[in-house]
Amino acid sequence: MEQHAWVDTAHDLAITVAVVVGLSADDVVRAYGGDPTMPIGARTFVESAVPDDAIGDYGHAQVFTVADRVVVLENNGWAGSDPGVAVRASAGGGVFMSAYWNVNALSRLVQAVDGKVTANLEPLFAADPPQVGDVDPVWLDGGAFTPSTYRSACLAVIQQQTDVAFDRDWLDAAWPTFQIPAR
């Protein structure tokens, strides 16, 4: 978690980050509901924000690869926290892992393996038994998710489950960006 500690003080960062193993970047865009042949350009994280008057109508997903994994970043978007996206992006033997949080301390961890949801929970309320509708994974350590460290704990879980460590520099790089429908 120390590697990601910077994110715990980035209080204005509303993000969904997902890592997908087993699909191409084009297939991941399709799993999100976008068209991989219609990027809206290469944008930085700040530039990829959806205008306030369009939030809820569509989102933007920055999509790029790290080694053989596909990374998706959404600035103030939450499509990657949708279990349906996770199922589609992991079908056929793949793995999907995402973390979402906003500036109001709402958060979500979602994981699917081979088309089946294996985690779907609000990490701040990780408890035994699971909350109604939640799926607690076998790897869950609810104690790691405190109000002051849940963001870095989410990034640590993504790294643990996908072997991809979030790089803060990703936020400043211009990545291919796609419009995706709101869910």
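Please read all numbers here as calculations on a predicted model, not as lab measurements. Residue numbers start at 1 and run along the sequence shown.
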**Study point:** Connected via hydrophobic side-chain network under 4.5 Å: Val164 and Val157
**Key:** yes
Exercise for review: Check step by step if side chain to side chain contact (heavy atoms under 4.5 Å, CB included) holds for Val17 and Leu73.
Suggested key: CA-CA 5 Å; Val17 57; Leu73 303 178; 3.6 Å; yes
Point to revise | Within-4.5 Å side-chain heavy-atom neighbours: Asp163 and Arg69 | key: yes
Review point. To the nearest 0.5 Å, how far apart are CG in Leu109 and CG in Leu124?
Key: 9.5 Å
Review point. Would a hydrophobic clustering, with Ile, Leu, Val, Met, Phe, Trp and Tyr connected at side-chain separations under 4.5 Å, put Ile158 with Leu13?
Key: yes
Check your understanding: Which atom pair, heavy atoms only, marks the closest approach of Gly80 to Tyr32?
Key -> CA-OH, 3.5 Å
Review point. Has the side chain of Ser90 got a donor or acceptor atom that lies under 3.5 Å from a matching backbone atom of Gly115?
Key: yes
Exercise for review: Please report the shortest heavy-atom distance between Phe145 and Pro123, naming the atom on each side.
Suggested key: CB-O, 3.3 Å
Review point. Does a donor on one side chain sit under 3.5 Å from an acceptor on the other, for Gln111 and Trp139?
Key: yes
Point to revise | Check: Asn75 side chain, Phe45 main-chain N or O, donor-acceptor pair, under 3.5 Å | key: yes
Review point. Do Val70 and Leu171 share a hydrophobic cluster (ILVMFWY, side-chain heavy atoms under 4.5 Å, transitive)?
Key: no
Practice item. Would you check if Val63 and Pro176 make a side-chain contact, meaning some heavy-atom pair closer than 4.5 Å? Key: no
Review point. Run the side chain to side chain contact (heavy atoms under 4.5 Å, CB included) check on Arg108 and Asp134 step by step: do they pass?
Key: CA-CA 10 Å; Arg108 198 98 198 136; Asp134 281 359; 2.7 Å; yes
Check your understanding: Is there a side-chain contact between Val85 and Val110, using heavy atoms and a 4.5 Å cut-off?
Key -> no
Check your understanding: Would you find a donor on one side and an acceptor on the other, under 3.5 Å apart, between the side chain of Glu74 and the backbone of Ala79?
Key -> yes
Review point. If only atom types and distance count, is the side chain of Glu122 paired as donor or acceptor with the main-chain N or O of Leu106 below 3.5 Å?
Key: no
**Study point:** CZ on Phe125 to OG on Ser107, rounded to 0.5 Å
**Key:** 8.0 Å
Exercise for review: Quick one: pull up CD in Glu47 and CD in Gln62 and give me the separation to the nearest 0.5 Å.
Suggested key: 9.0 Å
Exercise for review: Show the numbers, then the answer: is there a side chain to side chain contact (heavy atoms under 4.5 Å, CB included) between Phe96 and Val28?
Suggested key: CA-CA 10 Å; Phe96 176 97; Val28 170; over 6 Å; no
Check your understanding: Under the 3.5 angstrom rule, does the side chain of Arg151 hit a backbone N or O of Ala10 as a donor-acceptor pair?
Key -> yes
Point to revise | Gly77 backbone acceptor or donor facing Thr16 side chain under 3.5 Å | key: yes
Check your understanding: For the residue pair Phe64 and Trp175, does the interplanar ring angle fall in the parallel (under 30°), tilted (30 to 60°) or perpendicular (over 60°) class?
Key -> parallel
Check your understanding: Roughly how far apart are Asn76 CG and Asp12 CG, rounded to 0.5 Å?
Key -> 11.0 Å
Check your understanding: Going from OG1 on Thr118 to CG on Leu140, what distance comes out if it is rounded to the nearest 0.5 angstrom?
Key -> 11.5 Å
Exercise for review: Could you check Ile15 against Trp101 for side chain to side chain contact (heavy atoms under 4.5 Å, CB included), going step by step and ending with a plain yes or no?
Suggested key: CA-CA 6 Å; Ile15 189 172; Trp101 64 80; 3.5 Å; yes
Point to revise | Sub-4.5 Å side-chain heavy-atom contact between Pro51 and Tyr58 | key: yes
Revision key, fill the gap. Closest non-hydrogen atoms of Gly84 and Asp82, given as atom of the first, atom of the second and distance, are N-OD1, 2.7 Å
Exercise for review: Establish whether Val19 and Val29 are linked, either directly or via other cluster members, by ILVMFWY side-chain heavy-atom contacts under 4.5 Å.
Suggested key: no
Review point. Would Thr149 and Ser152 count as having a side-chain donor-acceptor pair, cut-off 3.5 Å?
Key: no
Check your understanding: Is there a side-chain contact between Phe166 and Val7 (heavy atoms, below 4.5 Å)?
Key -> no
Exercise for review: Check Pro181 against Gly34 and note the closest heavy-atom contact, atom names and distance.
Suggested key: CD-N, 4.3 Å
Check your understanding: So which heavy atom on Ala89 is nearest to which on Leu23, and how close?
Key -> O-CD1, 3.2 Å
Check your understanding: Can you get from Val66 to Val95 by hopping between Ile, Leu, Val, Met, Phe, Trp and Tyr side chains that sit under 4.5 Å apart?
Key -> no
Check your understanding: Thr9 and Trp6: which non-hydrogen atoms are nearest, and at how many Å?
Key -> OG1-O, 3.1 Å
